[in-house]
Amino acid sequence: SSEDLEGMDSGEFQKNMGDLDEERMQMETDERMKKEQEMQLKNMKRGLTMMEREFKRFDDQIKRLVKQGITPPSTITDAITKGKLVLTAIKEAKTMEEAEAAGIQDLQEIMQGINDSRMQLEMLSRWPETLKQINRELKRFDTELARAKKLVAQLAKKDIDVSAAYSSF
């Protein structure tokens, strides 16, 4: 009020104006920091979408392995499950502090571990084709062996003895 202003000396007035100015600057700084954190959280959540796609790809790859009758290593499936849980918790975070508490740093380690296992999953996915190829080769060897036995038997009838060479094969 005007009576309060009249009763104040100029030093006290200057001090009050300085305090108000400091509070205003602090409020502006706090507001700026809040906006920066909101933007940082928004950008981080945008990056989480890419991680979500990666988890989906790993899930699909594991489903294909299971469909082929191959049990993927539990370390990989456990890491994927843990990563998806952390990802969900981070997506639900409203502040950067909540995202950090949910385990944003852990998510990076989990993704790195899963990516390191990618080659192992790819090798496992090729295993059924490798088995088929081995079985085809074994069948071909069996056919060749039967043909060789038949030839040895025909030569033996003609009094040509190749049993020593056949035995060593």
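All figures in this text were calculated on a predicted structure; none of them were measured in a lab.
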Asker: What's the spacing between Met123 CE and Arg126 CZ if we round to 0.5 Å?
Answerer: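 These two atoms lie 7.5 Å from each other.
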Asker: Between Glu52 and Arg57 (salt bridge meaning N to carboxylate O under 4.0 Å), is one present in this structure?
Answerer: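 Not counted as a salt bridge, because no side-chain N and carboxylate O are separated by less than 4.0 Å.
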Asker: Once salt bridge (charged side-chain N to carboxylate O under 4.0 Å, His left out) is applied, do any residues pair with Asp30, and if so which ones, sequence neighbours excluded?
Answerer: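 Asp30 satisfies salt bridge (charged side-chain N to carboxylate O under 4.0 Å, His left out) with no residue once adjacent residues are dropped.
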Asker: Dump the intermediate steps for salt bridge (Lys or Arg N to Asp or Glu O under 4.0 Å) on Arg32 and Glu28, then the final yes or no.
Answerer: CA-CA 6 Å; Arg32 205 171 25 254; Glu28 287 174 355; 5.2 Å; no
Asker: Between Ala99 and Ala93, what is the shortest heavy-atom contact and its length?
Answerer: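 That closest heavy-atom pairing would be N-CB, 3.5 Å.
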Asker: Compile the donor-acceptor pairs under 3.5 Å between side chains in residues 76-87 and protein atoms, sequence neighbours left out, one pair per line.
Answerer:
unit_1 : atom_1 : unit_2 : atom_2 : d
Thr77  : OG1    : Ser74  : O      : 3.1
Thr81  : OG1    : Thr77  : O      : 2.9
Lys84  : NZ     : Asp59  : OD2    : 2.7

Asker: Between Val162 and Ile160, is the side-chain contact (heavy atoms from CB on, under 4.5 Å) condition met? List the steps.
Answerer: CA-CA 6 Å; Val162 290; Ile160 301 173; 4.2 Å; yes
Asker: Do Met44 and Ile90 touch side chain to side chain, with heavy atoms closer than 4.5 Å?
Answerer: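 Yes; the side chains approach each other to less than 4.5 Å.
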Asker: Would you compute the distance between atom NZ of Lys139 and atom CD of Glu144 and round it to the nearest 0.5 angstrom?
Answerer: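 Going from the NZ atom of Lys139 to the CD atom of Glu144 covers 13.5 Å.
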Asker: Are the side chains of Gln112 and Gln108 in touch, meaning some heavy atoms are under 4.5 Å apart?
Answerer: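 No, their side chains stay 4.5 Å or more apart.
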Asker: Would Arg136 and Glu129 count as a salt bridge (Lys or Arg N to Asp or Glu O under 4.0 Å) here? Give the steps.
Answerer: CA-CA 11 Å; Arg136 281 192 302 265; Glu129 185 58 38; 3.6 Å; yes
Asker: To the nearest 0.5 Å, how far apart are CD1 in Ile114 and CE in Met51?
Answerer: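 Rounded to the nearest 0.5 Å, the CD1-CE separation comes to 10.0 Å.
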Asker: Can you hop from Leu124 to Leu131 via hydrophobic side chains spaced under 4.5 Å?
Answerer: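 Shared cluster, yes.
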Asker: Go through the steps to decide whether Glu98 and Glu92 satisfy the test side-chain contact (heavy atoms from CB on, under 4.5 Å), and finish with yes or no.
Answerer: CA-CA 9 Å; Glu98 289 177 9; Glu92 292 173 358; over 6 Å; no
Asker: Can you find a heavy atom in the side chain of Lys149 that is under 4.5 Å from one in the side chain of Val152?
Answerer: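 Side chain of Lys149 against side chain of Val152, heavy atoms only: no contact under 4.5 Å found.
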Asker: Can you tell me how far apart NZ (Lys42) and CD (Gln37) are? Round to the nearest 0.5 Å.
Answerer: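 So the NZ of Lys42 and the CD of Gln37 are separated by 16.0 Å.
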Asker: Taking NZ, NE, NH1 and NH2 as the nitrogens, is one of them in Arg140 or Glu137 under 4.0 Å from a carboxylate oxygen of the other?
Answerer: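 A salt bridge is present here (some side-chain N lies under 4.0 Å from a carboxylate O).
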Asker: I need the Lys150 NZ to Leu145 CG distance, nearest 0.5 Å.
Answerer: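 Here the interatomic distance stands at 13.5 Å.
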Asker: Would you say that Arg118 contacts Glu54 through its side chain, given a criterion of any heavy-atom pair below 4.5 Å between the two side chains?
Answerer: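 In short, these two side chains touch, coming nearer than 4.5 Å.
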Asker: How long is the span from the CG atom in Asp161 to the CG atom in Leu155, to the nearest 0.5 Å?
Answerer: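 If we round to the nearest 0.5 Å, Asp161:CG and Leu155:CG are 9.5 Å apart.
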Asker: Output a table of donor-acceptor pairs, distance under 3.5 Å, between side-chain atoms of residues 61-71 and any protein atom two or more places apart or on a different chain; print 'none' if there are none.
Answerer:
none

Asker: Does Glu38 come within less than 4.0 Å of Lys35, counting only side-chain N to carboxylate O?
Answerer: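 So Glu38 does not pair with Lys35 through a salt bridge.
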